[in-house]
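So the structure is just underneath, and the comments pick up after that.
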Amino acid sequence: MEVGFLGLGIMGKAMSINLLRHGFKVTVWNRTLSKCNELVEHGASVGETPAAVVKKCKYTIAMLSDPSAALSVVFDKDGVLDHINGKCYIDMSTVDADTSSKISEAIKAKGGYFLEAPVSGSKKPAEDGQLIILVAGDKALYDEVLPAFDVLGKKSFFLGEVGNGAKMKLVVNMIMGSMMNAFSEGLTLAERSGLSPGTLLDVLDLGAMSNGMFKLKGPTMLKNSYPPAFPLKHQQKDMRLALALGDENAVSMPVAAAANEAFKKARSMGLGDLDFSAVHETLKAPDHSS
């Protein structure tokens, strides 16, 4: 199966390498073309533009940073729409349902086929092929590309019409961002009250609140180390999009709103490119020693 892949950030790079490792032929494109070099070493070909990739491959996957990037790759000059007739486009970026629907309608109008397929999981699950894939759109296309999804993820869910994948992803990330803030507050409270935050991690891990995120992020947070598995600026973007979905459906979300403010504060402190767990830094006492 020959697959195109647009976007080689933290996630896209890991996913492309996985496909190559499992015998797929992959043609890659990235806005900064030099990012393609490492993939070429793994056996990928390079497309000069999104249009060139779509022209060459029956199936093209995109993994882009936000709604504006997702839209520009489709609609701009030399974009996906140029050669999409009879071809299939799978957008795995995290965007809002409106963005997904816009892309879907444009591709169908040009005679192409579309799936939205945002993923739950960050860098390590992407490397290990353990993502959870939230798919919506063309069911026949979903059945066709299942072999690729099976390589990229541990499970995929087909959620019906376009927009449902985007909404499910935003709900998941909204919960995750809210939990990360509660976790940060707990670690800080333990430490300031004279308790060992490390012991808190052990207590949490043995109880009903035990979860993969606390287990993975807790130890690095205690070292004030935040290598970006999922950049904080993207988490804040997802909180914003989830709150907008709450507005549309008249759902009161005070906890998510407060979490969003904390992520915005972290961005204003220059932490946007660090892991989203760096929101922990917003709780540190200001340093008066200077």
(message) Would you say Y59 and E144 are linked by a side-chain donor-acceptor pair, where the criterion is simply a distance under 3.5 Å?
(response)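 Yes.
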
(message) I'd like to check the ring-ring contact (aromatic ring centres under 6.0 Å, His included) partners of F114; sequence neighbours left out, ordered by chain and number.
(response)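 Testing F114 for ring-ring contact (aromatic ring centres under 6.0 Å, His included), a comparison that skips the adjacent residues, returns none.
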
(request) Would you please name every residue forming a ring-ring contact (aromatic ring centres under 6.0 Å, His included) with F149, sequence neighbours left out? (result)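 Scan of F149 (ring-ring contact (aromatic ring centres under 6.0 Å, His included), adjacent residues dropped) gives none.
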
What is the minimum heavy-atom distance between [X] and [Y], and which atoms define it?
{"X": "D96", "Y": "T99", "answer": "OD1-OG1, 2.7 Å"}
{"X": "M180", "Y": "M213", "answer": "N-CE, 3.8 Å"}
{"X": "N18", "Y": "A126", "answer": "ND2-O, 3.1 Å"}

Which value, rounded to the nearest 0.5 Å, describes the distance between [X] atom [atom1] and [Y] atom [atom2]?
{"X": "L71", "Y": "I103", "atom1": "CG", "atom2": "CD1", "value": "5.0 Å"}
{"X": "T282", "Y": "N181", "atom1": "OG1", "atom2": "CG", "value": "6.5 Å"}
{"X": "N173", "Y": "M179", "atom1": "CG", "atom2": "CE", "value": "12.0 Å"}
{"X": "L195", "Y": "L189", "atom1": "CG", "atom2": "CG", "value": "8.0 Å"}
{"X": "N211", "Y": "F183", "atom1": "CG", "atom2": "CZ", "value": "7.5 Å"}
{"X": "Q235", "Y": "N260", "atom1": "CD", "atom2": "CG", "value": "9.0 Å"}

Under the side-chain contact (heavy atoms from CB on, under 4.5 Å) rule, collect the residues that match up with [X], sequence neighbours excluded.
{"X": "N85", "value": "none"}
{"X": "M209", "value": "L204"}
{"X": "N224", "value": "Y226, E281, K284"}

Contacts under 3.5 angstrom, residues 156-167 side chains, donor-acceptor by atom type, not counting sequence neighbours:
residue : atom : partner : partner atom : Å
S156    : OG   : Y142    : OH           : 3.0
N164    : ND2  : L159    : O            : 2.9

(message) Donor-acceptor pair, distance only, cut-off 3.5 Å: does the side chain of D275 make one with the backbone of F230?
(response)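 Side chain of D275 to backbone of F230: a pair is present.
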
